[in-house]
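In what follows, chains carry the letters A, B, and so on, assigned in the order in which the sequence lines appear, proteins first and then strands, with residues in each chain numbered from 1.
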2 protein chains.
Amino acid sequence: MASTRPAVDKRRLILDAAVRVFARQGFHTCRVSDIADEAGVAYGLVYHYFQSKDEVLDTLFLERWGVMIEAILEIDRREIPAREKLQAIASFIVDSYRHDPDLMKVIIVEVTRAANSFGAAHIGEINRAYRLIEGIVEQAQASGEFRRGISPAFAAMAFYGAIEQVLTGWIFGVVDEDVDGYDRAKDYIVETICGGLQQR
Amino acid sequence: MASTRPAVDKRRLILDAAVRVFARQGFHTCRVSDIADEAGVAYGLVYHYFQSKDEVLDTLFLERWGVMIEAILEIDRREIPAREKLQAIASFIVDSYRHDPDLMKVIIVEVTRAANSFGAAHIGEINRAYRLIEGIVEQAQASGEFRRGISPAFAAMAFYGAIEQVLTGWIFGVVDEDVDGYDRAKDYIVETICGGLQQR
DNA sequence: GCGAGGGTTGACTCGTCAGTCAACTTCGAG
DNA sequence: CTCGAAGTTGACTGACGAGTCAACCCTCGC
C-alpha cells in the first residue's frame, strides 16, 4: 500500500489548472501565479516541473495532439469507405471538444491558429494531421469513391477548417450546444464536405 | 497647391506600419516602439492618434471588415445563383489576401480567431458576416438550388472555415502560393462546398 | 514678425510579471 | 533516530514595455 509516488500528482494538477486558466484568460493575459493559484500549489512549483510558462502549453498541446494523430492513424487503418473515415475523424474531434472543451479551446486558439507564436513552433505536428486526411482523400479519389479534380490538400483543409470553425463557434458561444448538437454538427460537416450543398 | 493637410498622413503611416509589425511579430510580442520605428515617427505620436495599442488593431480590423461586409452585401444583391454568390465571396476574400497578405494575416490571426481578446470584442461584427452567408444558403435552399437538410448556419461555417483554413495555410507557409494558386484555391473551395467530394 | 494651436518628439515613470533561489518540509532507506 | 534527496514554498529581482508629459517645432493668420 505504501506507494512510492506521491498521493497526488502535482505536475498533473498544474497542467489541468493551466488548461482552465488558459481557456478563461488566454495564454498571454494570464500570469504564472494564476496557474499556481488555480492548482493550489506554490508559485515556484510550476518551475520545478516546467522550464517555462511556454513549456506548460507545449506539453498540453503535444499530449493531446499525439492522441489525435494516433486516433486518425487507427481510423485510417480500418477497411471502410473514405466518407466513414472522415465521419470518424470529425466524430473524434467533436467528442474531444465535448469531453474537455477547455483543452480543445486552448489548443485551437493558442496553438493551432497562432501563426506567430506556438503555431509556428508546432507546425510540423499540425501538418502531420493535415497530411493524413489528405492521404485519405487521395486514396478515395484513386478508388473512385471521391471524384477527381479537387486537390486532396485543399479538400483536407476544407474539411479540417470546417470542423475548427464549428468548434470556434462553440468556443465563441455563438452557436448553441444543446445535447444532440454535437452529433448533428458531425453529420452536417461530413454531409457538406462529402455530399456538397447543391441539389443533385 | 497649398494644402491645409500635412503632406503625409502620419496616422495612415502608423496604421500601415502597424500592419507590417503585427504580421511579422504578432500583436502581443511587438512593442509600440516597434510600430513607431517602422513608421519612422516618434513613440509619442502613436498615442497622439490612438488611445492605446489596442485601438490601433481595432481600427485596422473595423476598417477592413467594414469593406468586406459591404462587398458581401453588394454580392448578395446581384441576381445570380447562390453558387456564384459564394464564388464571388471566396474570390473577394482570397483577393483581399493577395492584395495585402499582411493585413489579412493580422485580421485572421489576431482578431477573427482570438477568442480571448479581440475576437470577443468584435464578435458582433464577425457574426454579421456569417449571417449574411447563412442567408444566402437559406435562400438557395428555399429556391431549390441547394438541397435542404443541412443547417444554413453550419453550411456558412463550413464555407467560411474552409476559406480561412486555406488562408491560414498560406499564412503558415505550408501551401505554396504560385501565380495561379489563388484562383485555383477559390475554385477548389467552392467546388468542395457546393459540389461535394463524392462521386455523383 | 509674432503669437497660437496643432503636430511631433523621446526621456521618463510606474506597474507588472517571468523566472530565481535559499530555505523549509516530507518521507523513505539504513 | 538520522541523513539525504526529492518535493515544496513564496519573497525577491530584474527586465521590460505601455502610457505620460513637458518641451519643442512648424505653419498660418493677422
Side-chain angles (χ1 to χ4, degrees), chain A residues 1-61 106 110-111 114 116-118 120-121, chain B residues 1-61 106 110-111 114 116-118 120-121:
Chain A
M1 60 162 44
S3 71
T4 56
R5 311 262 106 200
V8 281
D9 183 350
K10 296 286 177 82
R11 192 186 125 97
R12 189 77 254 162
L13 218 57
I14 291 167
L15 284 171
D16 292 344
V19 168
R20 294 193 296 276
V21 173
F22 290 161
R24 193 191 315 132
Q25 306 177 233
F27 180 83
H28 289 285
T29 20
C30 86
R31 291 159 292 179
V32 173
S33 65
D34 294 331
I35 300 172
D37 290 351
E38 177 82 25
V41 302
Y43 185 91
L45 199 62
V46 176
Y47 286 90
H48 178 71
Y49 287 110
F50 304 95
Q51 298 266 354
S52 65
K53 188 186 175 188
D54 283 23
E55 202 189 275
V56 177
L57 180 54
D58 285 337
T59 304
L60 288 170
F61 169 75
V106 168
E110 307 290 352
V111 185
N116 288 301
S117 44
F118 292 93
Chain B
M1 54 170 63
S3 69
T4 57
R5 310 263 106 200
V8 281
D9 183 352
K10 295 286 177 83
R11 192 186 126 97
R12 190 76 254 164
L13 218 56
I14 291 167
L15 284 171
D16 292 344
V19 168
R20 294 193 295 276
V21 173
F22 290 161
R24 193 191 313 133
Q25 304 178 234
F27 180 82
H28 289 285
T29 19
C30 86
R31 292 160 291 178
V32 174
S33 66
D34 293 332
I35 301 172
D37 290 352
E38 177 82 24
V41 301
Y43 185 90
L45 200 62
V46 176
Y47 287 91
H48 179 72
Y49 287 111
F50 303 95
Q51 298 267 353
S52 64
K53 187 185 175 188
D54 284 23
E55 204 190 274
V56 177
L57 180 54
D58 285 337
T59 304
L60 288 171
F61 169 74
V106 168
E110 307 291 352
V111 186
N116 288 301
S117 45
F118 292 93

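Distance, I14(B) CD1 to dG7(C) P: 12 Å, rounded to whole Å. Between I35(A) atom CD1 and dA18(C) atom P there is a gap of 8 Å when expressed in whole angstrom units. Between the CD atom of E55(A) and the P atom of dG19(C) there is a distance of 10 Å, rounded to whole Å. Atoms OH (Y43(A)) and P (dC24(C)) sit 22 Å apart, rounded to a whole Å. Between the CZ atom of F50(B) and the P atom of dG19(D) there is a distance of 13 Å, given to the nearest Å. Between L45(A) atom CG and dG7(D) atom P the separation is 9 Å, expressed in whole Å. Between D9(B) atom CG and dG6(C) atom C1' the separation is 14 Å, expressed in whole Å.
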*Begin from the C-alpha positions of V106(A) and F61(A) and carry the test side-chain contact (heavy atoms from CB on, under 4.5 Å) through to its verdict.*
CA-CA 8 Å; V106(A) 168; F61(A) 169 75; over 6 Å; no
_Check against side-chain contact (heavy atoms from CB on, under 4.5 Å), E38(B) and I35(B)_ = CA-CA 5 Å; E38(B) 177 82 24; I35(B) 301 172; 5.8 Å; no
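You'll find the side chain of T59(A) reaches within 4.5 Å of the side chain of R11(A), heavy atoms only. Within the 4.5 Å cutoff, side-chain heavy atoms of F50(B) are placed close to those of L15(B).
Nearest nucleotide to the A42(B) side chain, out of dA18(C), dT9(D), dG10(C): dG10(C). Considering only the side chain of V41(A), dT9(D) comes nearest among dG19(C), dT9(C), dT9(D). If you check dG7(D), dT8(C), dT20(C) against the side chain of Y49(A), the one that comes closest is dG7(D). Of the candidate nucleotides dG7(D), dT20(C), dG7(C), dG7(C) has the atom nearest to the side chain of H48(B).
Contact check, K53(A) against dG19(C): no side-chain N or O comes under 4.0 Å of OP1 or OP2. At dG19(D), one or more side-chain N or O atoms of Y47(B) fall inside 4.0 Å of OP1 or OP2 (strictly under the cut-off). Contact annotation: K10(A) reaches the phosphate of dT8(D) (side-chain N/O to OP1 or OP2, under 4.0 Å).
Shown for residues 20-28 of chain B: no residue has heavy atoms falling under 4.0 angstrom of DNA chain C.
Under the 30°/60° scheme for interplanar angles, the aromatic rings of F118(A) and F27(A) are found to stand perpendicular.
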